Amino acid sequence: MEPLGLRAVGSHCSLSEMDDLDLTRALDKPRLKIERKRSFDERSMSELSAGYGRHDGLYDSPRGRSVLDTPLSSARNCFEPHPMMAEAWEALRRSMVFFRGHPVGTLAAVDNTTDEVLNYDQVFVRDFVPSALAFLMNGESDIVKHFLLKTLQLQDSEKRVDRFKLGKGVMPASFKVRHDPVREMDHLVADFGETAIGRVAPVDSGFWWIILLRAYTKSTGDLTLSETPECQKGIKLILSLCLAEGFDTFPTLLCADGCSMIDRRMGVYGYPIEIQALFYMALRCALSMLKPDGDGRECIEKITKRLHALSFHMRNYFWLDHHQLNDIYRYKTEEYSHTAVNKFNVMPDSIPEWVFDFMPLRGGYFVGNVGPAHMDFRWFALGNCVSILSSLATPDQSMAIMDLLEHRWAELVGEMPLKICYPCLEGHEWRIITGCDPKNTRWSYHNGGSWPVLLWQLTAACIKTGRPQIARRAVDLIESRLHRDCWPEYYDGKLGRYVGKQARKYQTWSIAGYLVAKMLLEDPSHIGMISLEEDKLMKPVIKRSASWPQL
Ligand code: GLC
């Protein structure tokens, strides 16, 4: 077979411009057609009110691969797989956790070089996502199914912090399998934030769970899981936490600091981009899986309305490019009534100096946070990549984000993909905003540190926007160091040149993120698992943009 997979998207054309047939032809793979009843995925937003494309379809690419020890992806490869791939698969398998004989997840890290385990010996929901995608891409869906079912059972348990009970829908941040040697029995112990540093519940866990359920369904073609009453209930419980009416005046979700991947105080309270992008993606994934029966119909209606309000709000108020920055710079303040231009009363004086130099003439991004008199101008990688994958970003905005990455490669990627946020907080700001956190000193950890796990999200965004050459450049950087450095959790420094001060080694999501990125580049049709196409009815023309030449 010809190495068509890479070439097929090696141009500047968006995947959305190619239909599934094109991809199938390009990859020269037979595609199974399965008889099915009308899918909820097909019941797209367009029918409900606005309209999304058919790449959302859950059933168009079932991949019933057998469970093999050797990764199918590299076995099928027509060019020599990088030696790191085999090492990565071995390390990923070493991190697998079993519950009563079944694989249920992967440990956050298997670092034998330190005694300081903390909670890295647990299965984190967010950390398992790249592991799950790697397994799915390799045709091993069992572990993902068991993970989804076990975490769903955990959702049912009572959660308390001191005397306060958490919402029913909250999903755990992590769990652990304990073995009782007397009764010879495994049991699960979950953490919903009640033992986490800072005692914050993970808002992202539930969203990742829904996103993963769709990825599983899309990848396997197995409808039976998402259609069970248990999964349907689980989805509704998660969303009931977010869709309840209250005092909110914005469609974005109000959050506490530290409720997502950045799980320490970093000034990401309020309306952080990471949560808003995951929220949007989870809503769209839920819409594709919910049955319109009983309270399902009501939930579907609420989701549809929220999606419209949320996309409008995000695309208008979170978007920043040269033009928008100039407008904010010239904003009047203290405007009253509906005619206000500066709706949130952002003070132009609060625009940080760095952003004026940072902003290229072509390019843009979703800022970190927007709230009353508050705009966090920092760049956050995860939120921007998920905005592309979920099509929260319009095609033009997606292209602009990629343009920014190219223009600001030194700042956002440097020598190790990818900075979690940019720039870092220092001095007085660091003291006030992080509360003097010694783990989050400048250019370290969550404060401008470089996280290899983000490679999979970058790669997926690159493939979706038809710019895989950007991802290849990032993969090259990873391949020059990650294995040699024993797969660290994060890197420090302005360029990401140093292994992180307190970084774990053999961090599972660094390993799995690399595998997912490689498999995506090798077979871009995998993108359907973790990407949703834009709303076709509102689709603006994609403008071609200059990009690096093929590397
Ligand atoms: C750190 C990270 C968090 C991750 C956890 C386990 O706390 O901030 O995002 O889930 O480690 O790897």
Side-chain angles (χ1 to χ4, degrees), residues 91-92 94-97 105-111 114 116-133 147 151 171-176 190-209 211-212 255-269 272-275 277-278 380-383 385-386 418-421 424 434-435 437-441 443-457 482 486-492 499-514:
L92 182 62
R94 274 199 299 274
S95 73
M96 281 166 77
V97 172
T106 49
L107 298 175
V110 188
D111 185 356
T114 173
E116 207 192 36
V117 181
L118 293 174
N119 51 357
Y120 286 85
D121 61 347
Q122 305 206 7
V123 180
F124 277 75
V125 171
R126 73 175 73 87
D127 292 44
F128 182 64
V129 173
S131 299
L133 294 175
F147 168 88
T151 41
M171 277 287 186
S174 62
F175 66 84
K176 204 178 168 140
D191 175 17
F192 295 89
E194 74 274 31
T195 53
I197 298 166
R199 301 285 183 272
V200 184
V203 177
D204 63 341
S205 282
F207 297 154
W208 279 124
W209 187 87
I211 293 165
L212 196 54
C255 304
D257 220 339
C259 68
S260 60
M261 176 181 178
I262 298 180
D263 54 4
R264 298 163 81 93
R265 194 174 147 196
M266 265 297 292
V268 287
Y269 60 90
I273 178 66
E274 168 166 347
I275 290 296
L278 285 172
F380 289 86
L382 193 158
C385 289
V386 174
L418 191 65
K419 286 233 172 56
I420 194 165
C421 63
C424 69
T434 73
D437 187 345
K439 203 165 172 182
N440 273 334
T441 49
W443 305 119
S444 182
Y445 200 44
H446 300 140
N447 188 11
S450 302
W451 291 67
V453 59
L454 297 171
L455 177 73
W456 82 260
Q457 292 166 21
L482 205 63
C486 304
W487 312 92
E489 181 187 15
Y490 63 95
Y491 285 78
D492 284 358
V499 174
K501 212 178 351 179
Q502 294 186 44
R504 302 288 115 175
K505 300 282 180 76
Y506 295 97
Q507 181 81 17
T508 304
W509 67 0
S510 300
I511 297 161
Y514 166 69

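Every number for a ligand or one of its atoms is a count from 1 in the order of the listing. Each residue takes its place number in the sequence, starting with 1. None of these values were measured; they are calculated from a predicted model.
Closest to atom 7 (O) of ligand 1, if we only count protein heavy atoms, is D263 OD2, 2.7 Å. Scanning the protein heavy atoms around atom 5 (C) of ligand 1, the nearest turns out to be F124 CE2, 3.9 Å. When hydrogens are left out, the protein atom nearest atom 11 (O) of ligand 1 is Y120 OH, 3.5 Å; that is the closest non-hydrogen contact. Of the protein's non-hydrogen atoms, the one nearest atom 9 (O) of ligand 1 is M261 O, 2.7 Å.
Those atoms of ligand 1 that come under 4.0 Å of a heavy atom in Q507, given as number and element, are 12 (O). Close contacts between ligand 1 and Y445 involve ligand atoms 1 (C), 2 (C), 7 (O), 8 (O) [criterion: under 4.0 Å to a heavy atom]. Within the listing of ligand 1, atoms 1 (C), 11 (O) sit less than 4.0 angstrom from a heavy atom of E489.
Of the N or O atoms in D127, one or more lie within a sub-3.5 Å distance of an N or O in ligand 1. In terms of polar-atom proximity, defined here as any N/O pair under 3.5 Å, A108 makes no such contact with ligand 1. Looking at ligand 1, you won't find any N or O of W509 less than 3.5 Å from one of its N or O atoms. Ligand 1 has an N or O atom lying under 3.5 Å from an N or O atom of H446, backbone or side chain.
Separating the CE atom in M96 from the OG1 atom in T508 is a distance of 11.5 Å, to the nearest 0.5 Å. In this structure, CG on L107 lies 15.0 Å from OH on Y506, to the nearest 0.5 angstrom. Taking CG of L212 as the start and CZ of F207 as the end, the distance is 15.0 Å to the nearest 0.5 Å.
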**OP:** Test side chain to side chain contact (heavy atoms under 4.5 Å, CB included) on Y491 and L482 and set out the steps.
**Re:** CA-CA 10 Å; Y491 285 78; L482 205 63; 3.9 Å; yes
**OP:** Dump the intermediate steps for side chain to side chain contact (heavy atoms under 4.5 Å, CB included) on M261 and V453, then the final yes or no.
**Re:** CA-CA 11 Å; M261 176 181 178; V453 59; 3.9 Å; yes
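The aromatic rings of W451 and W509 sit perpendicular to each other, their planes meeting at more than 60°, with 30° as the lower class boundary.
Neither the backbone nor the side chain of F128 has a heavy atom within less than 4.0 Å of ligand 1.
Each of D437, I262, T434 was evaluated against H446; a single residue qualifies, I262, per the side-chain contact (heavy atoms from CB on, under 4.5 Å) test. Checking D492, N440, T441 one by one against N447, the side-chain contact (heavy atoms from CB on, under 4.5 Å) holds for a single residue, N440.
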